[in-house]
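Along the sequence shown, the residues carry numbers beginning at 1.
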Amino acid sequence: MPDAQRILHNTPLAPQQQPQHSQMPDAERIVYGTPLGSVLQQQQQQQQQEEEAFAEDAYQEGRVEEEYAEEICSRTEGDPEVDEQRLHLLEASLQHVAQLGWSAAALAAGAADVGLSPSSAGLLARGEAELVEYFNARCNHDLEERLRAMESELGSMKTTEKVRTGVKLRLEMNAPYINSWAQALSLQARPDSAARALQQRMDIADIIWHAAGDKSTDFNWYTKRTLLLGVYSATELYMLTDSSPGFADTWAALDRRLADVLQLGRAVRGVASLAEEAGSLLAQLAGGLNPQRGGGGRSSGPSI
């Protein structure tokens, strides 16, 4: 049953719920048999028609809004027109984050700036989380460009200094939004956004290591990026509560984290070297005890 009919069916004025003359008490049957009863019936019919019209209008209005939402959701990111609108909306909304945070209010303000209706936020399937992702993507692109422009300067630095420069540059891009960055982190932690957030963080590590001259293609590729991701995330969290001028305490914390990683790397290399030497020694001992080994092997016992 359509919604309009269902609404009317449940109202006191629905036709099937009007009292039948055969079921009316005597007093009511007398009234309905008079001119006054005819007037009452006309009033009831008129009221019923008005409610039918109201219910139908409400039903149609709801359908229009539903169809519009379905149309917005059915659009894909591959649609150039939608992509352009989304880009304008994100860029405009970003200008309001400092004041309104990573919120629906910032998206609504951005929509107003570019002449879109508040409902245009439906262009962003995950709402404010996509605003954070847009900011991160833009910053990662800027980081890559800035490190590429510093290629000659980075060439005279040690690897740890190159990594520190990259991490510091990227975190400084968060500084204008530091008061609401905890909100951004919580949006990135949502189940529908966590995978994208992790990928963007891995992109940061990849960009920095590439600028540092890393050309590893083995398991070290993953190890270096995972360690750097830990350094970046720990420093980022420290930055949230840092009130020192120019985030001086944050950069000191970054130096400590890098020193820890460097010490860990040396320990891992030391363990690997010891394991290699031990393996070589065991191989030599095993060869020396092998009676089939040529040369001066140990005697298996007195000759008889």
Side-chain angles (χ1 to χ4, degrees), residues 77-78 83 86-87 90-91 94 129-178 181 184-185 187-189 193-240 242 246-248 250-273:
E77 294 185 359
D83 285 345
R86 183 183 292 111
L87 182 62
L90 289 169
E91 186 62 35
L94 195 57
E130 291 196 34
L131 183 58
V132 179
E133 289 171 12
Y134 169 75
F135 171 75
N136 283 332
R138 195 179 72 168
C139 288
N140 289 354
H141 176 268
D142 291 346
L143 174 65
E144 189 171 14
E145 293 296 320
R146 291 182 64 177
L147 289 175
R148 185 179 294 114
M150 296 173 61
E151 184 175 359
S152 59
E153 182 180 349
L154 293 172
S156 60
M157 297 181 183
K158 296 181 179 180
T159 300
T160 303
E161 295 173 340
K162 296 176 184 178
V163 171
R164 182 188 188 277
T165 298
V167 173
K168 185 172 182 288
L169 281 175
R170 180 58 183 84
L171 287 175
E172 284 177 336
M173 297 178 186
N174 295 346
Y177 308 98
I178 196 63
W181 194 245
L185 293 178
L187 289 170
Q188 292 178 88
S193 302
R196 294 178 179 84
L198 178 59
Q199 181 58 58
Q200 288 186 320
R201 287 174 176 270
M202 291 300 292
D203 289 343
I204 294 173
D206 194 35
I207 290 169
I208 293 174
W209 271 119
H210 181 75
D214 177 54
K215 301 185 184 303
S216 59
T217 56
D218 54 5
F219 190 75
N220 286 331
W221 189 95
Y222 298 96
T223 302
K224 290 178 178 179
R225 281 149 182 79
T226 301
L227 290 173
L228 180 54
L229 182 60
V231 170
Y232 179 88
S233 298
T235 311
E236 179 183 33
L237 292 176
Y238 191 99
M239 190 177 183
L240 293 177
D242 184 8
F247 298 102
T250 296
W251 312 137
L254 172 59
D255 291 336
R256 292 193 296 271
R257 299 290 81 75
L258 289 174
D260 291 343
V261 170
L262 184 60
Q263 184 176 0
L264 176 62
R266 289 172 178 169
V268 170
R269 286 194 296 271
V271 171
S273 178

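- The line from CE of M202 to OH of Y232 is 13.5 Å long, rounded to the nearest 0.5 Å.
- One finds the CD1 atom of I204 at 12.0 Å from the CD atom of E144 (value rounded to the nearest 0.5 Å).
- In this structure, L171 CG and L254 CG are separated by 7.5 Å, a value rounded to the nearest 0.5 Å.
- Rounding to the nearest 0.5 Å gives a distance of 12.5 Å between NZ of K168 and OG1 of T235.
- For the pair V231 and L227, the minimum side-chain heavy-atom distance is 4.5 Å or more.
- Under the 4.5 Å side-chain criterion, counting only non-hydrogen atoms from C-beta, V167 is not in contact with R257.
- Here salt bridge (charged side-chain N to carboxylate O under 4.0 Å, His left out) pairs that include residues 156-167, with residues two or more places apart or in two chains, are R164-D255.
- For N136 (side chain) and A197 (main-chain N/O), no donor-acceptor pair under 3.5 Å exists by modelled atom type.
- The minimum heavy-atom distance linking M150 with L169 is given by the pair SD-CD1, 3.9 Å.
- Within the 3.5 Å criterion, the main-chain N or O of G246 finds a donor-acceptor partner in the side chain of W251.
- Partners of S193 by side chain to side chain donor-acceptor pair (under 3.5 Å), not counting sequence neighbours, listed by chain and number: R126.
- Contact of the D214 side chain with the R225 side chain is registered, since non-hydrogen atoms from C-beta on lie closer than 4.5 Å.
- Counting heavy atoms from C-beta on, the side chains of L90 and L94 never come closer than 4.5 Å.
- For L237, the side chain to side chain contact (heavy atoms under 4.5 Å, CB included) partners at least two apart in sequence or on another chain are L185, L240.
- The two residues V163 and A212 make their nearest non-hydrogen contact at CG2-CB, 4.3 Å.
- One distance of note links CZ of R170 with CD1 of I207; it measures 8.5 Å at 0.5 Å rounding.
- In this structure, Q200 and A137 approach most closely via the heavy-atom pair NE2-N, 3.6 Å.
- The closest side-chain heavy-atom distance from D206 to W221 is below 4.5 Å.
- When each of R148, R138, E172, M173 is checked for a side chain to side chain contact (heavy atoms under 4.5 Å, CB included) with L143, only M173 meets the rule.
- Residue L198 comes nearest to L229 through the heavy atom pair CD1-CD2, 4.0 Å, listed as atom of the first residue, atom of the second, then distance.
- With sequence neighbours excluded, no residue satisfies side chain to side chain donor-acceptor pair (under 3.5 Å) with T160.
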Original post:
Given W181 and E236, is the side-chain contact (heavy atoms from CB on, under 4.5 Å) satisfied, shown in steps?
Top reply: CA-CA 10 Å; W181 194 245; E236 179 183 33; 2.7 Å; yes
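- Every side chain to side chain donor-acceptor pair (under 3.5 Å) that D203 has, sequence neighbours left out, goes to Q199.
- Considering only residues two or more places apart in sequence or on other chains, D242 meets the side chain to side chain donor-acceptor pair (under 3.5 Å) condition with S244, T250.
- Side-chain contact check for T159 versus W209: some heavy-atom pair is nearer than 4.5 Å.
- Atom CG of D142 is separated from atom CG of L147 by 11.0 Å, given to the nearest 0.5 angstrom.
- A distance-only check finds no donor-acceptor pair linking the side chain of Q188 to the backbone of V132 [under 3.5 Å].
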